[in-house]
Amino acid sequence: NGEWSGPGLVDPIAGTFEPANMSIGANTVYYTFAQGTSCETTDSTIILVEDTLELSILNLPNVFCEDVNPLTLQGDPAGGNWTGLGFVNSGTTNGLYDPGLITPGQSDTITYVLVNPANGCVSTLVETVLVDSLPTAIFEVLPDTAVCIGNTLNLSNTSIYASGFD
């Protein structure tokens, strides 16, 4: 039995290599048979590692309010497929995202996949967004009677999904 060696090696016996740990372009890997004997022989081959595309979503907020109108997300580079529960046509290239399709308070996993036309390598970007519920404003005025100039008036925020007031 022999062993593999070279850049990106994960398992020398099985010959498992991880392209992410190799250089873009030509990588020489070696197979040595009968290592340490007088019959030892080594052969090599070249593994060509192609680059994937760096993806981004140009207009994706981390949080959507449940009543926001549908938004067409813009992937960069353009032309990839979108998937997620909030897409009007999931699995297509149109990117029309409707937060109203997600239960308020829940998150959605948005996936953008694009095939590099130069080499066929698939790039994937995964982002998570939260769809927030609409806040309900509830305030108490203490004391709940009229207040005279010079006295203190306290406002108590008991709103739902809100944290303050202006």
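- In this structure, Glu66 CD and Leu101 CG are separated by 12.5 Å, a value rounded to the nearest 0.5 Å.
- By the 4.5 Å heavy-atom criterion applied to side chains, Phe64 and Asp132 are not counted as neighbours.
- Atom-to-atom distance recorded for Thr128:OG1 and Leu60:CG is 9.5 Å, nearest 0.5 angstrom.
- Placement of Phe87 and Leu130 in two distinct hydrophobic clusters is found when ILVMFWY residues are connected by side-chain heavy-atom separations under 4.5 Å, directly or transitively.
- Closest heavy-atom contact between Ser90 and Gly84: OG-N, 3.3 Å.
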Exercise for the section: Show the numbers, then the answer: is there a side-chain contact (heavy atoms from CB on, under 4.5 Å) between Cys65 and Leu134? Expected result: CA-CA 6 Å; Cys65 197; Leu134 288 172; 3.3 Å; yes
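- Under the side-chain contact (heavy atoms from CB on, under 4.5 Å) test applied with Phe33, the options Asp43, Thr42, Thr41 reduce to a single match, Thr41.
- One finds the OH atom of Tyr112 at 12.0 Å from the OG1 atom of Thr83 (value rounded to the nearest 0.5 Å).
- Between the CH2 atom in Trp4 and the OG atom in Ser44 there is a gap of 9.5 Å [rounded to 0.5 Å].
- Looking at Thr45 and Val29, their side chains come closer than 4.5 Å, going by heavy atoms from C-beta outward.
- Grouping the Ile, Leu, Val, Met, Phe, Trp and Tyr side chains by contacts below 4.5 angstrom, directly or via other members, places Val131 with Leu71.
- For the pair Tyr97/Asp108, a side-chain contact is recorded, criterion being any heavy-atom separation below 4.5 Å from C-beta on.
- Considering Val113, Asp76, Leu114 as possible partners of Leu55, the one that fulfils the side-chain contact (heavy atoms from CB on, under 4.5 Å) test is Leu114.
- The CD1 atom of Ile102 sits 4.5 Å away from atom CG of Leu85, with the distance rounded to the nearest 0.5 Å.
- For Gln74 against Asn59, the heavy-atom pair with the smallest separation is N-OD1, 2.8 Å.
- Of all heavy-atom pairs spanning Ile46 and Ala26, the tightest one is CG2-CB, 3.7 Å.
- Between Asn62 and Val129, every side-chain heavy-atom pair lies at or beyond the 4.5 Å cut-off.
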Exercise for the section: Assess whether side-chain contact (heavy atoms from CB on, under 4.5 Å) is satisfied between Asn94 and Val88, documenting all intermediate values. Expected result: CA-CA 9 Å; Asn94 73 8; Val88 174; 5.6 Å; no
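- How far CZ of Phe17 is from OG of Ser5: 7.0 Å, rounded to the nearest 0.5 Å.
- Counting only heavy atoms from C-beta outward, the side chains of Trp82 and Thr92 never approach each other to under 4.5 Å.
- Within the 4.5 Å cutoff, no side-chain heavy atoms of Ser23 are placed close to those of Val49.
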Practice task
Please step through side-chain contact (heavy atoms from CB on, under 4.5 Å) for the pair Ile57 and Leu125, ending with a clear verdict.
Solution key: CA-CA 9 Å; Ile57 302 172; Leu125 175 64; 3.8 Å; yes
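- Although no hydrogens or angles enter the test, the distance criterion places no donor-acceptor pair under 3.5 Å between the side chain of Asn119 and the main chain of Pro117.
- With Ser56 contributing its side chain and Leu58 its backbone, the two residues share no donor-acceptor pair below 3.5 Å.
- By the criterion of side-chain heavy atoms lying less than 4.5 angstrom apart, applied directly or through intervening Ile, Leu, Val, Met, Phe, Trp or Tyr residues, Ile47 is grouped together with Ile24 in one hydrophobic cluster.
- The closest side-chain heavy-atom distance from Leu9 to Glu18 is not below 4.5 Å.
- Contact annotation: the side chain of Ile110 never approaches that of Val126 to less than 4.5 Å [non-hydrogen atoms, C-beta and beyond].
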